[in-house]
Amino acid sequence: MADKFDVIVIGAGPGGYVAAIRAAQLGLKTACVEKWIGKEGKVVHGGTCLNVGCIPSKALLEASHKFVEAKHDFDGLGIQAGDVTMDVKKMMARKDTIVKNLTGGISGLFKANGVTAIEGTGKVTSSKQVEVTDKDGKTATHEADNIVIAAGSVPIEIPPTPLVEGMVVDSAGALEFQEVPKRLGVIGAGIIGLELGSVWNRLGSEVTMLEALDDFLPMVDSAIAKETQKLLKKQGLDIRMGSRVTGSEVKGKEIVVKFTDSKGEQEITFDKLIVCVGRKPYTKGVVADGIGVDLDERGFIHVDDHCRTSVPGVYAIGDCVRGQMLAHKASEEGIMVADIIAGHKAEMNYDAIPSVIYTFPEVAWVGMNEQEAKAAGIEVKTGAFPFAASGRAMANNATEGQAKIIADAETDRVLGMHIVGQHAGEMIAQGVIALEFGSSAEDLALTCYAHPTMSEAVHEAALAVEGHAIHMANRKKKK
Ligand code: FAD
Ligand code: AMP
């Protein structure tokens, strides 16, 4: 038997590493088990988010957006930049450096907070034991009073499009292209597909996105989703809704993809194909059979609102449990669980978790959209403000998009905020705070916003709920 801990966390993604640091800060003897092998052949912390998710994708989105600005927008600002070109290898090297610094930073935080980092694959073998197998196949069993499973998720693979090294890739593979593909196919127009499709579209690929659903971004308010679709189309993304991929074949250096749409069976040829059809929990083998931790048929670990599994003392958080697969949701669950283990009261507000798509412009939302509120039988009033009427947006050369607030018609309570526009991902924090504090649209309308800022559009949208926006002609509102 190896060491005994108060808490052992399995997985050092944004769920697990945050849970471990919080637990250690609260005075609990904590270990975190991780098996992810980084590019240098050593175990690295940070999980999907830091290694192949949030951070590397944003590094490429930022670089490719700056490239588009320099190539197409600088002239209008009076900047003569000459012939603008992109060195893809340098862009990728910068991304790798950011990943290396951040993942190394987690190891530093573990040391600073007194978290014991254990390298290897963890398996819960009883409610108080974790068996860890290291890279040489050696096993050790560690004891803990509490266990937190934060095993994360992996991309879903579908039978019509088996992965083919360097040709048919998942989201991680799409972060590694060393040159710009001429014809790029993306299956799935969800959050990850739109971000990765945008990167390569900006760098010059002809991007075709095949999406089985008829509705574009059904979780986003339909007015915002419609505007987003129009804006992305204008940028050159060929988004084909109602197109279900049924097969693919690699022929030499090309991939022939079969799909069905309203016109019947179709075929299209690409040089590279990215499969972005969602993610699934990575829980196979994490829990030994027969110890009583329930998993559903898709592999999600069953938990209650406080992330307790069916076995006392065993918790599960992040992508491997129900709810949105988002880094900040995983981290908040990690903090909640550490607090509970330390004997504190802790809750999550699952109704106030923001989502962001880091395209340009960004799309961000929190809470209900108008169609959801109406379907739930709630009478709503809404206010929207276009960035085209914002002084700061004009100065920023970013007049596309709008901010929209959905409020309860009777109580004026804010039910949701949905935004498409530059920095929407930063602005949405206001909506999160409004939901957390149970604020009314009037509370936002009576708040003083700095001028000139993009956030003034949120202020104006709140004013527009009562038909009182200052910088636009208001729709007639009922008294
Ligand atoms: P993970 O980050 O998947 O971490 C799980 C960790 O557990 C991994 O390190 C894994 O190696 C380890 N592990 C698993 N099993 C074991 C075991 N048995 N023993 C030891 N270790 C184990 N989310 C956002 O909020 N914002 C974004 O902008 C965003 N962008 C994304 C872009 C892409 C391309 C992708 C793929 C995802 C993105 N996500 C984003 C989603 C985000 O990455 C996940 O929601 C988040 O990483 C989930 O955190 P987690 O800790 O639950 O799991
Ligand atoms: P997300 O879950 O946000 O990552 O989005 C994944 C998207 O992939 C969803 O919108 C699915 O409808 C879409 N999808 C799944 N399977 C297929 C398929 N065979 N062809 C086209 N789109 C698909």
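Start at 1 and go down the list; that is how both ligands and their atoms are numbered.
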- Query: Taking both backbone and side-chain atoms of C320, is any N or O found less than 3.5 Å from an N or O belonging to ligand 1?
  - Reply: no

- Could you check atom 25 (O) of ligand 1 against the protein and tell me its nearest heavy-atom contact, residue, atom and distance included? A327 N, 2.8 Å

- Message: Distance alone, cut at 3.5 Å: any donor-acceptor contact between the side chains of E227 and Q402?
- Response: yes

- Task: Quick one: list whatever passes ring-ring contact (aromatic ring centres under 6.0 Å, His included) with F216, sequence neighbours left out.
- Result: none

If you look at each N/O of ligand 2, which protein N/O atoms lie under 3.5 Å away, and at what distance?
unit_1, atom_1, unit_2, atom_2, d
ligand 2, 10 (O), E211, OE1, 2.8
ligand 2, 10 (O), E211, OE2, 3.0
ligand 2, 12 (O), E211, OE2, 2.6
ligand 2, 19 (N), V245, O, 3.2
ligand 2, 20 (N), V245, N, 2.9
ligand 2, 22 (N), A212, N, 3.1

- Does ligand 1 have an atom that lies less than 4.0 angstrom from a heavy atom of R279? yes

- Taking the minimum heavy-atom distance to atom 39 (N) of ligand 1, which of A19, G53, C54 ranks first? C54

- N/O to N/O below 3.5 Å, does that happen between G15 and ligand 1? yes

- Message: Could you report the tightest heavy-atom contact between P281 and C320, atom names first, then the distance?
- Response: CB-CA, 3.9 Å

- Message: With respect to S57, determine whether any N or O atom, backbone or side chain, lies less than 3.5 Å from an N or O atom of ligand 1.
- Response: no

- Atoms of ligand 1 close to G13 [distance to a heavy atom under 4.0 angstrom, numbered from 1]: 2 (O), 4 (O), 6 (C), 51 (O)

- Using a strict 4.0 Å threshold on nitrogen-to-oxygen distance, state whether R244 and E265 make a salt bridge. no

- Task: Give yes if a backbone or side-chain nitrogen or oxygen of G122 is under 3.5 Å from a nitrogen or oxygen of ligand 1, and no if not.
- Result: yes

- Output for pair (Q129 CD, I291 CD1), nearest 0.5 Å, gives 10.0 Å

- Message: Suppose we measure from atom 20 (C) of ligand 1 to each protein heavy atom; which comes out shortest, and what is that distance?
- Response: G120 O, 3.4 Å

- Query: Which residue supplies the protein heavy atom nearest to atom 15 (N) of ligand 1, what is that atom called, and how far is it?
  - Reply: A151 CB, 3.6 Å

- Message: For K404, is there an ion pair with D221 - N to carboxylate O distance below 4.0 angstrom?
- Response: yes

- Query: So which heavy atom on R308 is nearest to which on I340, and how close?
  - Reply: NH2-CG2, 4.0 Å

- Task: Around atom 41 (C) of ligand 1, find the nearest protein heavy atom and jot down its residue, atom name and distance.
- Result: M325 O, 3.8 Å

- Item | Nitrogen or oxygen of Y358 less than 3.5 angstrom from that of ligand 1 | no

- Test side-chain contact (heavy atoms from CB on, under 4.5 Å) applied to T359 and L232, step by step: CA-CA 8 Å; T359 45; L232 294 179; 4.1 Å; yes

- When you check the gap from the basic side-chain N to the acidic O, do E179 and K272 get nearer than 4.0 Å? no

- Item | Nearest option to atom 52 (O) of ligand 1, as decided by whichever heavy atom of D319, V132, L326, I274 sits closest | D319

- Message: Would you say S355 and Q324 are linked by a side-chain donor-acceptor pair, where the criterion is simply a distance under 3.5 Å?
- Response: yes

- Query: For K58 and ligand 1, does the shortest N/O to N/O distance drop below 3.5 Å?
  - Reply: yes

- Query: Listed by chain and number, what are the ring-ring contact (aromatic ring centres under 6.0 Å, His included) partners of Y282, not counting sequence neighbours?
  - Reply: none

- Item | side chain to side chain donor-acceptor pair (under 3.5 Å) pairs, two or more places apart, involving residues 192-204 | K58-E195, S64-R202

- Task: Verify the distance criterion only: is there a donor paired with an acceptor across the side chains of Y350 and E333 at less than 3.5 Å?
- Result: yes

